[in-house]
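What follows is a single structure, written as structure tokens, with notes after it.
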Amino acid sequence: MTDFFDSPANKSSLHTGMEARERLRARYRAEWMFKALGLGAIGVSVGFLLFLFTTIFMQGWPAFTHNFVALPLELNAQTLGDEGVISEESLSGADYDAIVRTAIREQFPEVSGRTAKRTLSGLISPGAPVLLREALLADPERRNAPNAITLPLSDFADLYLKGQISRSTYRTGEGELAIEVSETGVLISGADLAAGLESSGADGKISLSREMPSLLLYAGGGVFKLETLEGNLATARILSPLDAGETTKALDWQVRLIEVPEANRKFSDREIVWTDKLVERQLVQAKFNTLFFTRGASREPEMAGILGAVVGTALTLVVTLGLSFPLGVAAAVYLEEFAPRNRLTALVEVNINNLAAVPSIVFGLLGLAVFLTFFGMPRSAPLVGGMVLALMTLPTIIIASRAALRAVPPSIREAALGIGASKMQVVVHHVLPLAMPGILTGTIIGMAQALGETAPLLMIGMVAFVVDIPGGFTDPATVLPVQIFMWADFPEPAFQQRTSAAIMVLLAFLVVMNALAVVLRKQFERRW
Amino acid sequence: MKISKTFMVFALASIGALSAGTGAAQAREQLQIVGSSTVFPFAITVAERFGQTSSFPTPIVEATGSGGGLKLFCAGVGANTPDIANASRRIKNSELETCAANGVTPVEVRIGFDGIVLANSKSGPDFTLSREQIFLALARNIVVEGALVPNPFSRWSEIDPALPDEAIEVLGPPPTSGTRDAFVELVMHQACQEGIEEDLCADIREDGVYVDAGENDNLIVQKLASNSAAVGIFGFSFLDQNADTLRGATVDGSEPTFENIAAGTYPIARSLYFYLKKEHVGTIPGLVEYALAFTAERASGEDGYLGEKGLIPLPEKERQRVIEDINNLTPAQMN
């Protein structure tokens with residue numbers, strides 16, 4: 001081969017000479033570069049997508065479980081009945097706050113003082129009494145098995161149990177400790193509790209403030225928060241009392257270091273000890289968070305659910321689809337198959353294309369001015385939301401449908417006309433079924449756009465806090481993207497998890513919707 | 001033929017949906033509340049509990065901003081206008097006039113205080129500021145040696161050597177926000193230098209030192225965590241909830257704590273309000289009951305549940321007076 005290229009005749013030829021070979025290499029190189037760029041673009045976008053999904057997934061995953069507590073509730077004629085008789089009315093009006101409060105306080109009879117008691121009750125979600133009431137009203141017989149009713153823990157207790165408040169390290173101690181409880185405080189002696197801790201004072205005395213990591217001592221069945229340390233002596237505060245007596249000697253003891261200082265947490269040492277006790281008594285169970293899927297919006301993270309927004313979205317999209325699909329397809333069919341080509345139709349066409357590019361907030365303003373102010377329709381209703389979104393998706397559907405209709409080969413129309421079909425029969429029997437896959441694709445793009453829209457809904461009052469799950473098209477409702485936006489705006493860390501979880505629900509909604517479109521498209525698809 | 005049938009069903013359904021809508025516009029059972037996004041978290045807490053514990057349905061609460069809410073509120077009387085407007089400032093005289101012209105009598109309910117804090121990451125330096133120093137750091141034009149010049153400061157230590165030697169970088173709310181309005185009023189106007197015209201005091205520099213971080217306070221909190229030298233301006237409740245990562249700057253010798261704001265020693269604090277429509281009392285159920293639930297001891301009292309959400313309660317005497325006003329439906333006065 002080399003002979004062939006190197007022969008003098010070929011060396012200077014236009015197609016095989018050195019220059020030609022150089023050109024060929026350059027072309028191959030350009031092609032390779034182009035392919036690599038394309039592949040790189042795909043790689044980068046897949047990378048971004050994966051990064052987005054993993055962050056959302058990692059953050060949202062904990063929200064799908066929640067820790068519930070099964071307290072021995074006192075559900076009897078005294079607490080539930082009206083003068084000792086339990087009726088539907090008395091069940092509905094009973095003081096469930098008090099029942100829950102008593103139940104948690106009975107777990108910790110040693111807790112005294114107003115603030116401490118309030119903090120203790122705060123371990124249980126403020127929504128627990130509401131859930132208890134609903135459970136008993138749905139099935140009054142459940143009062144006979146009070147231990148089976150589980151109530152949600154508060155958001156911070158839940159975060160703590162999921163390990164998101166602080167890390168702790170434990171050190172098992174050696175030697176005998178003497179613990180003396182007196183009125184002024186607790187004196188602990190016998191061993192150096194501060195081992196491993198930097199001493200701060202010049203005299204070796206360490207005062208532990210709220211700004212420093214917490215040191216808890218577990219000994220003799222009690223828990224103590226260490227306050228000052230000096231050699232083998234320490235003073236402490238009781239978080240949980242000793243099993244017996246006021247003084248004790250303990251051989252088994254543990255020191256627990258909670259890394260995040262108490263001042264920097266919303267969950268105090270006391271609450272940590274109480275929660276641990278509840279877990280120790282096997283009252284706490286982590287369960288799938290059904291509340292998240294069965295309830296509407298709430299200000300309490302543990303009570304907040306997505307159902308209200310899902311139903312609101314479904315209702316809104318039904319209205320949007322019901323209005324924009326028939327209108328859009330009809331408009332497209334008329335413009336493509338029946339309308340004469342003149343200035344008027346050209347104007348209409350230009351305007352439809354322009355409408356597709358109008359910012360969505362403008363449709364919201366239109367909805368406010370026309371539907372709410374002029375027609376007096378209700379604020380915050382999925383009906384109005386659906387109508388506004390229908391206006392927004394209409395141009396998308398018309399443009400896609402027209403393209404799909406245009407793609408049907410003229411031979412189909414001519415053949416149908418040739419065997420005597422009327423214009424209407426041609427369109428309905430032949431052209432439309434063949435264009436349907438394309439029309440459905442356009443519709444689904446429009447609907448997906450509508451699903452993610454919040455701006456137009458802002459003006460018509462659907463960016464609102466709605467607790468009750470909407471039951472109809474005129475009930476106040478909100479939609480998924482609005483719910484995500486509102487949760488992202490709340491300060492509680494537990495809401496940040498719910499935001500990600502809600503994004504996952506929104507994506508699932510989108511996937512289901514797209515899957516439906518793919519199935520429908522497969523049904524109608526025809527090849528020629 | 002299959003197609004045309006589906007088609008007809010869709011068309012019929014849409015016509016049905018349309019007619020159902022126009023018919024059901026009159027009656028309204030639940031309260032409709034609009035207004036400030038600062039009051040919003042408190043309003044929804046009360047609304048939710050109100051729905052759970054009373055026989056009335058849960059009110060619908062929208063965050064439209066104070067101005068937008070009062071505009072809707074004052075637009076008229078009737079079921080398609082809101083019953084309550086939340087506001088992070090007092091109603092303006094111009095708004096009262098609009099209200100009166102449309103036959104609306106607002107009843108003012110003061111609910112508590114909100115502090116505006118300047119905070120930075122715990123890994124950054126401590127800030128002890130005076131309002132004058134904040135003004136010097138953020139004003140567009142300041143007076144230097146008798147002449148008005150564009151703000152020359154780029155480091156805190158240039159304003160006062162005692163301040164940290166860090167570049168000035170402040171993340172704060174955009175001009176549309178009520179928090180920004182209050183910040184301008186309580187800091188920029190109060191600490192304005194002599195020699196600057198009243199109107200120009202409110203101008204915040206636009207040379208990149210002050211960054212509009214959007215209405216979402218959570219975003220500011222997250223940005224502060226990743227940038228230890230930056231200072232953020234936002235509502236007290238966000239500092240309260242993020243105490244593990246953020247530290248509030250001491251202003252005029254007073255730390256931004258719950259106690260200091262309640263006692264009135266922390267200088268950057270404002271009152272929060274809502275206004276209820278007197279004309280709707282009796283026609284929309286639960287209006288007065290909601291207002292009383294909001295001002296009740298267990299909600300906005302000293303140990304009320306709103307305190308946990310970051311609302312700083314009114315002094316007890318003041319709260320009693322507010323409750324009296326609700327019961328008498330005393331109309332709001334011009335100021």
Side-chain angles (χ1 to χ4, degrees), chain A residues 114-115 118 122 126-127 129-130 133 260 263-266 297-300 303 318-319 321-323 325-327 329-330 371-373 375-381 383-384 386-387 390 428-429 432-433 436 458 461 463-468 472-474 476 486 488-493 496 524, chain B residues 1-4 7-8 10-11 13-14 16-18 20-26 28 30 32-34 37 40-41 43-45 47-49 51-53 57-64 78-80 82 122 215-219 221 235 237-238 240-245 303 305 308-310:
Chain A
R114 205 167 112 84
T115 339
R118 262 174 55 98
V130 182
R133 177 170 178 265
V260 178
N264 297 358
R265 304 182 235 128
K266 291 290 282 182
S298 171
R299 188 66 186 89
E300 311 298 335
M303 293 290 288
V318 163
V319 176
L321 186 68
L323 283 174
F325 184 71
L327 281 180
V329 174
F371 299 140
L372 293 192
T373 316
F375 287 124
M377 292 169 99
R379 237 182 124 75
S380 314
L383 176 72
V384 184
M387 286 163 73
V428 176
H429 293 183
L432 210 50
M436 218 17 117
L458 188 74
V463 182
F465 178 74
V466 183
V467 173
D468 302 320
F473 291 104
T474 49
M486 286 205 300
D489 216 9
F490 285 147
E492 287 86 354
Q496 305 315 314
F524 287 119
Chain B
M1 275 324 281
K2 205 167 130 207
I3 295 289
S4 59
F7 199 90
M8 290 306 273
F10 267 132
S14 51
L18 260 177
T22 33
Q26 295 88 27
R28 178 151 62 78
Q30 63 281 89
Q32 210 154 51
I33 303 170
V34 295
S37 44
F40 181 75
I44 62 177
T45 312
E48 189 184 348
R49 301 213 182 201
Q52 287 165 353
T53 55
T58 314
I60 309 299
V61 191
E62 269 182 69
T64 58
N80 52 9
K122 282 230 154 128
E215 293 267 8
N216 188 333
D217 288 354
N218 263 333
L219 219 59
V221 170
S237 56
F238 282 83
D240 193 37
Q241 293 284 347
N242 293 287
D244 52 341
T245 52
D303 277 328
Y305 58 77
E308 285 159 33
K309 300 288 171 201

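In the text below, chain A, chain B and the rest are named by the order of the sequence lines, each starting its count at 1.
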Legend entry - side-chain contact (heavy atoms from CB on, under 4.5 Å), paired with B:I60, selected from A:V467, A:D468, A:V466: A:V466

Inset, instruction - Report yes if some heavy atom in the side chain of A:K266 is under 4.5 Å from a heavy atom in the side chain of B:D240; otherwise report no. - result: yes

Inset, instruction - Return the minimal non-hydrogen interatomic distance between B:S237 and A:P491, and the atom names on each side. - result: O-CB, 4.4 Å

Inset, instruction - Tell me, for A:S298 versus chain B, whether the close heavy atoms (under 4.5 Å) come from the side chain, the backbone, both or neither. - result: both

Inset, instruction - Mark yes or no for whether B:Q52, through its side chain, and A:V130, through its backbone, hold a donor-acceptor pair below 3.5 Å. - result: no

Inset, instruction - Report the distance from atom OG1 of B:T45 to atom CZ of A:F465, rounding to the nearest 0.5 Å. - result: 7.5 Å

Inset, instruction - Let me know if B:P82 has heavy atoms under 4.5 Å from chain A in its side chain, its backbone, both or neither. - result: neither

Inset, instruction - Considering non-hydrogen atoms only, spot the tightest contact between B:P41 and A:R299 and give its length. - result: O-NE, 3.3 Å

Inset, instruction - Mind listing the closest non-hydrogen atom pair of A:G461 and B:E62 along with its distance? - result: CA-OE1, 3.2 Å

Inset, instruction - Answer with side chain, backbone, both or neither: which region of A:F490 has an atom nearer than 4.5 Å to a non-hydrogen atom of chain B? - result: both

Legend entry - Rounded distance [0.5 Å steps], CD in A:E300 versus CZ in B:R49: 5.5 Å

Legend entry - Part of A:Q496 within contact of chain B (heavy atom distance under 4.5 Å): side chain

Inset, instruction - Select one option (side chain, backbone, both, neither) describing which atoms of B:F40 are under 4.5 Å from chain A's heavy atoms. - result: side chain

Legend entry - Set of residues satisfying side chain to side chain donor-acceptor pair (under 3.5 Å) with respect to B:Q32, sequence neighbours excluded: none

